[in-house]
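Convention: sequence-line order gives letters A, B, ...; per-chain numbering from 1.
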There are 2 protein chains.
Amino acid sequence: MPVRVLLVDDEPLVRAGLRAVLEAQPDIEVAGEAADGAAVIPLVRQLRPDVVAMDVRMPLLDGIEATRALLRTVADPPRILVVTTFENDEYVYEALRAGADGFLLKRARPAEIVHAVRLIAEGESLLFPASVRQLAAAYGDGGGNRAARAVLERARLTEREGEVLRLMARGLSNAEIATRLVVGTETVKSHVSAVLAKLGARDRTQAVIAAYESGFVAPG
Amino acid sequence: MPVRVLLVDDEPLVRAGLRAVLEAQPDIEVAGEAADGAAVIPLVRQLRPDVVAMDVRMPLLDGIEATRALLRTVADPPRILVVTTFENDEYVYEALRAGADGFLLKRARPAEIVHAVRLIAEGESLLFPASVRQLAAAYGDGGGNRAARAVLERARLTEREGEVLRLMARGLSNAEIATRLVVGTETVKSHVSAVLAKLGARDRTQAVIAAYESGFVAPG
DNA sequence: ACGCGCCTCCCCCGGCCGGGGGAGGCGCTC
DNA sequence: GAGCGCCTCCCCCGGCCGGGGGAGGCGCGT
């Protein structure tokens, strides 16, 4: 049985592009389309798609609100893949916090888009797609600080949050980080929470994975 | 103030080697030596070293028991760096579980040894030293399965445990792993515990770090 | 037939974690 | 001086996590 996808985007061009890319796959099927968030819920009830590919910025009801509404009101809701134009879109993080399962850049290559839909359908989270690493690689002057700084800026991490993430990626607990930075554990918790939110990570393990995958920290 | 180190090894040659390497550093000082685990506790009380570099296999009282005894009986105990000959030494994992802060191979390069002592003294854990990655690199036929398998064998992870570690490294929770593998969460917890023990990791975050650092999983 | 390793599942429990919500101080800019 | 971002700290709380200890089944090799 194929993966059934509902496309939600206010631009017909984008919908057509996604449809063309996805329907070229034998195991993926476009179940329907919607032009704004308000139309999503009834359509989901009617079509029962496996995955909703949803734009963030839309009229009437944006992707964040639509995600929240979906998860709140629909029983056994579909998986939600958030689609965005800008990799720096703060709305994306909000959407992920609202319960979306992954995000995808519109300028991603077709193979990446297909891959993303399959992964999401399988129940994977897709918080750190290839595009993030590409950003780091674009600064690839032998690795080093520039890539890390770029990722840091990309996620809008503050300096302190970057420090905390680095220590998380060394395996330290909140208490140990607090000792190291000579602050209270509550302070560390605040920073950790901010890092999790900005990276779209659910817990510190996912944050550390993001740190490695983005090149913010490197093995070796 | 320099880092003060107590050397514990039954072989005088090893002690001499460690002493030579460490005393070449201006910020490291060898506070004393012991030839077996039984002599450690009184010496620690007397000398109050910052770090104990302790062999695992020793007569009278081995490194594991000596570590346990130290942490149980001495107030404000020193940090413990376990020294071993074989990277496959199961005793090492026992020592780490007993509370040691890191391990080091005797055949490590001097710079690595010095580095290890400094890190331990700073309060870092050192569970996955460079030697582990070197093992992976030794199989460096473009990365891939052989290195991962080598690390897996090195840590004596079973196939199932390797699977679980891979899923942990993708950010899945125990419940999610259970769903994926179609087993109960208790089963997953058992595997996770085994992985943590074998890697000498304290929590899943450290296990994931180990997975990246060893090349068991790779970014990208 | 027995031991052994592995996979599976169970109970109890303490603790760290992460969410929510709030608040004060500091330096900067407008 | 008012706003704003950042860092700092606080409380409450539910939940996942990890430790300890145990147990049964299965295949394998001796």
Measure from [atom1] on [X] to [atom2] on [N] and round the result to the nearest Å.
X      : N      : atom1 : atom2 : value
A:E176 : C:dC16 : CD    : P     : 10 Å
B:E163 : C:dT8  : CD    : P     : 9 Å
A:K189 : D:dC6  : NZ    : P     : 21 Å
B:H191 : C:dC9  : NE2   : P     : 8 Å
B:E159 : C:dC6  : CD    : C1'   : 11 Å
B:L157 : C:dC7  : CG    : P     : 10 Å
A:E186 : C:dG20 : CD    : C1'   : 13 Å
A:N174 : D:dC10 : CG    : C1'   : 15 Å

From A:R166 CZ over to A:E163 CD, what is the distance, rounded to the nearest 0.5 angstrom?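 Answer rounded to 0.5 Å: 8.0 Å.
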Nearest 0.5 Å, please: how far is CD in B:Q206 from CG in B:D203?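 It is 5.0 Å, given to the nearest 0.5 Å.
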Can you give me the bend angle of the helix from C:dA1-D:dT30 to C:dC30-D:dG1? Use the axis through the first five pairs and the one through the last five, nearest 10 degrees.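 Terminal axis comparison yields 40°.
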Using a cut-off of strictly less than 4.0 Å, decide whether [X] has a side-chain nitrogen or oxygen near OP1 or OP2 of [N].
X      : N      : value
B:T187 : C:dC7  : no
B:R202 : D:dG19 : no
A:R204 : C:dG18 : yes
B:T158 : C:dC7  : yes

Measure from the side-chain heavy atoms of A:L196 and tell me the nearest of C:dG19, D:dC7, C:dC7.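 Among C:dG19, D:dC7, C:dC7, the one nearest the side chain of A:L196 is C:dG19.
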Please determine, for the side chain of A:V192, which listed nucleotide (C:dC11, C:dC7, C:dG18) has the closest atom?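 The nucleotide sitting nearest to the side chain is C:dG18.
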Applying side-chain contact (heavy atoms from CB on, under 4.5 Å), can you list everything that pairs with B:T73, at least two apart in sequence or on another chain?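 Scan of B:T73 (side-chain contact (heavy atoms from CB on, under 4.5 Å), adjacent residues dropped) gives B:I41, B:R45.
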Base, sugar-phosphate, or nothing for B:S193, non-hydrogen atoms under 4.0 angstrom?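 Sugar-phosphate contact only - B:S193 comes under 4.0 Å of backbone atoms but never of a base.
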Comparing B:V182 and B:D203 on DNA chain C - which has the more 5′ nearest nucleotide: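 Whichever sits nearer the 5' end wins; that is B:V182.
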If the sugar-phosphate is the primed atoms plus P, OP1 and OP2 and the base is the rest, what is the B/S/- string for nucleotides 21-30 of chain D, using protein heavy atoms under 4.0 Å? ----------
